[in-house]
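Dumping the structure here so I can ask a few things about it.
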Amino acid sequence: DADLPGVTVTGGDITCINNTVQLVANSQATGITYSWTGPNGFTSSISNPVVSVAGTYTVTVTNPANGCSSSATTVVNTDTTAPGARANGNVITSCINRAVKIKGDSPTAGVNFSWTGPNGFTSTDQNPLVADSGLYVLTVTNPVNGCTSTASTTVIEDTAEPGALAVGGTLNCDFPSITLNGSAGVFGVSYSWTGPNGFTSTDEDPQVSVAGSYILVVTNTISGCTSSDTAIVDEDFTLPGATAFGGTLTCNNPTIQITGNSGTPGVLYRWTGPNGFGSSQQSPMVNTPGTYTLTVIDP
């Protein structure tokens with residue numbers, strides 16, 4: 001009676017999902033005993049021990065009836081390699097692009113992607129569209145071994161208004177046209193004016209000659225965000241009014257006073273007359289007959 005009991009053995013792989021492996025020994029013989037040896041001094045006398053260390057395991061089965069033994073070995077491998085994860089750098093949302101695409105990648109084929117982010121955001125798309133600013137975390141999972149890698153990207157919001165300031169003025173007889181003043185709180189902006197009678201201009205400080213409301217729209221050329229302000233152009237073409245009174249030169253009165261007047265306070269008086277006469281007095285004295293002209297100026 002020298003028949004060997006015979007034995008076959010199977011192992012497995014230690015992965016991120018299964019950090020232990022059950023070794024399985026099979027024999028056609030009955031009533032046998034088992035003796036396992038393995039890495040780090042591992043020993044076991046059960047038929048199907050559970051191990052957590054990679055390496056070569058040997059089982060020896062012995063038939064106590066005849067003392068014959070058979071041996072077999074199996075190798076337990078370790079597959080805990082992380083798949084690797086990459087996420088694109090900082091992404092900016094703007095008034096032009098309210099939603100942007102964040103991009104994930106991995107050097108390992110066949111992986112699964114899982115994103116989390118602000119306001120409870122989740123997605124299993126590799127490259128999802130997002131609209132909220134904040135930190136987005138990508139988890140890449142290898143379905144073969146269950147191992148994961150993470151990466152992150154930040155979405156930055158650039159939707160600040162550039163700020164717009166529009167300043168008008170008053171049209172009058174001295175200034176029948178004026179310059180509107182436009183400004184913004186940031187650099188890299190464009191200007192767009194609209195106003196009365198179909199007026200338009202892209203100048204920062206355009207000239208106008210019509211009273212009314214002028215609307216300035218300032219656009220940030222990078223983010224597309226806009227601000228607006230209104231400039232009011234008034235007009236003051238009211239004539240000050242002028243009255244002039246002369247008189248008669250006689251032998252008794254060879255000099256007389258001509259009188260100027262206006263219904264507007266604070267005006268200036270300018271007289272002209274015969275023989276190059278000129279005066280800035282309101283009521284000058286004259287001694288030459290002729291026509292005297294008074295001009296009243298509202299400063």
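In this text, all values refer to a predicted model and were calculated from it rather than measured experimentally. Any value given below was found using the heavy atoms of this structure, including those in side chains, with hydrogens, waters and symmetry copies removed.
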- [ ] Ignoring hydrogens and angles, tell me if any N or O in the side chain of S106 forms a donor-acceptor pair with the backbone of P83 under 3.5 Å.
- [x]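 It does hold such a pair.
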Open item on the list: Count I, L, V, M, F, W, Y as connected when their side-chain heavy atoms are under 4.5 Å apart, and connections chain through other members. Are F113 and V91 then in the same cluster?
Closed with: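 Linked within one cluster.
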Open item on the list: So T139 and T141, do their side chains get closer than 4.5 Å, heavy atoms only?
Closed with: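 Yes, side chains in contact.
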- [ ] Scan T81, D79, T108 and name whichever one has a side chain to side chain donor-acceptor pair (under 3.5 Å) with N145.
- [x]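 With N145 as partner, T81, D79, T108 yield a single side chain to side chain donor-acceptor pair (under 3.5 Å), made by D79.
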Open item on the list: Test your reading of the model: is there a side-chain donor-acceptor pair from N63 to the backbone of A65, 3.5 Å cut-off?
Closed with: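 Pair found, side chain donor or acceptor close to backbone of A65.
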TODO: Report yes or no: does T250 contribute a side-chain atom to a donor-acceptor pair with the main-chain N or O of N252 at less than 3.5 Å?
DONE: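 Indeed, once roles are kept as given, a pair shorter than 3.5 Å links the two residues.
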- [ ] Check whether any side-chain heavy atom of T272 sits under 4.5 Å from a side-chain heavy atom of Y292, and report yes or no.
- [x]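 No, their side chains stay 4.5 Å or more apart.
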TODO: Working to the nearest 0.5 Å, report the span between CG of N142 and OG1 of T80.
DONE: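 The OG1 atom of T80 is 11.0 Å from CG of N142, to the nearest 0.5 Å.
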Task: Linked, directly or transitively: V189 and I96 (ILVMFWY side chains, under 4.5 Å) - done: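 No, V189 does not connect to I96 through the hydrophobic network.
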Open item on the list: So, taking the atom named CG in L138 and the one named OG1 in T148, what distance separates them when rounded to the nearest 0.5 Å?
Closed with: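 Answer rounded to 0.5 Å: 10.5 Å.
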Open item on the list: Show the nearest heavy-atom pair for residues K101 and L129, with the distance to one decimal.
Closed with: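 Result for this residue pair: N-CD2, 3.8 Å.
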Task: With sequence neighbours excluded, residues passing side-chain contact (heavy atoms from CB on, under 4.5 Å) with A25 - done: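 A25 satisfies side-chain contact (heavy atoms from CB on, under 4.5 Å) with V7, Y34, W36, V59 only.
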Task: Distance-minimising heavy-atom pair for L135 and P118 - done: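 For L135 versus P118, the nearest heavy atoms are O-CD, 3.5 Å.
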Task: Any side-chain donor near an acceptor of the partner, S69 and T62, under 3.5 Å - done: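 Present: a donor and an acceptor within the cut-off.
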- [ ] Could you tell me whether the side chain of T238 reaches within less than 4.5 Å of the side chain of D236, counting heavy atoms only?
- [x]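 In short, these two side chains touch, coming nearer than 4.5 Å.
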- [ ] Determine whether more than 12 heavy atoms belonging to other residues, nucleotides or ligands lie under 6.0 Å from atom CD1 of I222.
- [x]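 No, because the 6.0 Å sphere around CD1 of I222 holds 12 heavy atoms or fewer from other groups.
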TODO: Report yes or no: does N181 contribute a side-chain atom to a donor-acceptor pair with the main-chain N or O of A166 at less than 3.5 Å?
DONE: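 Such a contact is absent between N181 side chain and A166 backbone.
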- [ ] Please say whether more than 12 non-hydrogen atoms of neighbouring residues, nucleotides or ligands are located less than 6.0 Å from CZ in F237.
- [x]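 Count over threshold, so yes.
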Task: Set of residues satisfying ring pair (Phe, Tyr, Trp, His ring centres under 6.0 Å) with respect to F42, sequence neighbours excluded - done: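 So F42 forms a ring pair (Phe, Tyr, Trp, His ring centres under 6.0 Å) with Y57.
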- [ ] Answer whether the closest heavy-atom distance between the side chains of S283 and I258 falls below 4.5 Å.
- [x]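 In short, these two side chains do not touch, never coming nearer than 4.5 Å.
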Task: Residues in side-chain contact (heavy atoms from CB on, under 4.5 Å) contact with T116, at least two apart in sequence or another chain - done: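 If we apply the side-chain contact (heavy atoms from CB on, under 4.5 Å) test to T116, skipping adjacent residues, the hits are T122, V137.
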Task: Separation between CD of E204 and OG of S190, rounded to the nearest 0.5 Å - done: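 Separation between the atoms: 11.0 Å.
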Task: T230/S213 under side-chain contact (heavy atoms from CB on, under 4.5 Å): CA gap, chis, key distance, verdict - done: CA-CA 7 Å; T230 301; S213 297; 4.1 Å; yes
Task: Side-chain touch V210/V208, heavy atoms, less than 4.5 angstrom - done: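 No, too far: nothing below the 4.5 Å cut-off.
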TODO: Start with the C-alpha distance between D158 and I156, add both sets of side-chain angles, then the distance that settles side-chain contact (heavy atoms from CB on, under 4.5 Å), and finish with yes or no.
DONE: CA-CA 6 Å; D158 181 14; I156 302 170; 5.7 Å; no
Open item on the list: Are the side chains of I102 and V155 in contact, using a 4.5 Å heavy-atom criterion?
Closed with: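 They are in contact (side-chain heavy atoms under 4.5 Å apart), so the answer is yes.
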Task: Whether Q257 side chain and P284 backbone form a donor-acceptor pair below 3.5 Å - done: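 A pair under 3.5 Å: no.
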Open item on the list: Applying a strict under-4.5 Å side-chain criterion to I, L, V, M, F, W and Y, I'd like to know whether Y191 and V186 cluster together.
Closed with: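 Looking at the clustering, V186 is in the same group as Y191.
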Open item on the list: Within the 4.5 Å heavy-atom criterion, are Y136 and T154 side-chain neighbours or not?
Closed with: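 No - every pair of side-chain heavy atoms lies 4.5 Å or more apart.
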Task: Separation between CG of N66 and CG of D3, rounded to the nearest 0.5 Å - done: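 Rounded to the nearest 0.5 Å, the CG-CG separation comes out at 7.0 Å.
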Task: Candidate list N172, D174, T264, L268, test side-chain contact (heavy atoms from CB on, under 4.5 Å), partner D298, passing option - done: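 So the option named by the test is T264.
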Task: Atom pair CG/OG of N119 and S133 - distance to nearest 0.5 Å - done: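 Taking CG in N119 and OG in S133, the distance rounds to 8.5 Å.
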Open item on the list: Quick check for you: to the nearest 0.5 Å, what is the distance between I92 atom CD1 and S223 atom OG?
Closed with: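 Between atom CD1 of I92 and atom OG of S223 there are 10.0 Å.
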- [ ] Answer yes or no: are there more than 12 heavy-atom neighbours, outside F121 itself, under 6.0 Å from its atom CZ?
- [x]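 Yes, CZ of F121 has more than 12 neighbouring heavy atoms, counting only those of other groups under 6.0 Å.
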TODO: Kindly give the heavy-atom pair with the smallest separation between I178 and T170, and that separation in Å.
DONE: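 Heavy-atom minimum between the residues: CG2-O, 3.7 Å.
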- [ ] Might you point out which heavy atoms bring A244 and W271 nearest each other, and give the distance in Å?
- [x]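 The pair with the smallest heavy-atom distance is CB-CH2, 3.6 Å.
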Open item on the list: According to a hydrophobic-cluster definition based on side-chain heavy atoms being under 4.5 Å apart (Ile, Leu, Val, Met, Phe, Trp, Tyr only), do W193 and I215 belong together?
Closed with: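 No.
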TODO: Count the heavy atoms belonging to other residues, nucleotides or ligands that lie under 6.0 Å from CD of Q28, then report whether that count exceeds 12.
DONE: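 Not buried by this count: 12 neighbours or fewer within 6.0 Å.
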Open item on the list: Assess the residue pair L180 and V233 against the criterion (side-chain contact (heavy atoms from CB on, under 4.5 Å)); give the C-alpha distance rounded to whole Å, side-chain angles, the decisive distance to 0.1 Å, and a yes or no.
Closed with: CA-CA 9 Å; L180 301 176; V233 175; 3.5 Å; yes
- [ ] Is it possible for you to say whether V140 and V144 belong to one hydrophobic cluster, with membership spreading through side-chain heavy-atom contacts below 4.5 Å?
- [x]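 As far as the 4.5 Å side-chain criterion goes, V144 and V140 are not connected within one cluster.
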Open item on the list: If you compare all heavy atoms of I256 against all heavy atoms of G246, which two are closest, and at what distance to 0.1 Å?
Closed with: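 That would be CD1-C, 4.4 Å.
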Task: Check against side-chain contact (heavy atoms from CB on, under 4.5 Å), S280 and R270 - done: CA-CA 5 Å; S280 59; R270 298 288 186 268; 3.7 Å; yes
Open item on the list: Please find the pair of heavy atoms, one from S262 and one from G241, that lie closest to each other, and give the distance.
Closed with: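 Closest heavy-atom pair between S262 and G241: OG-O, 2.8 Å.
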Task: Check: S201 and Y214 side chains under 4.5 Å, non-hydrogen atoms - done: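 They are not in contact (no side-chain heavy atoms under 4.5 Å apart), so the answer is no.
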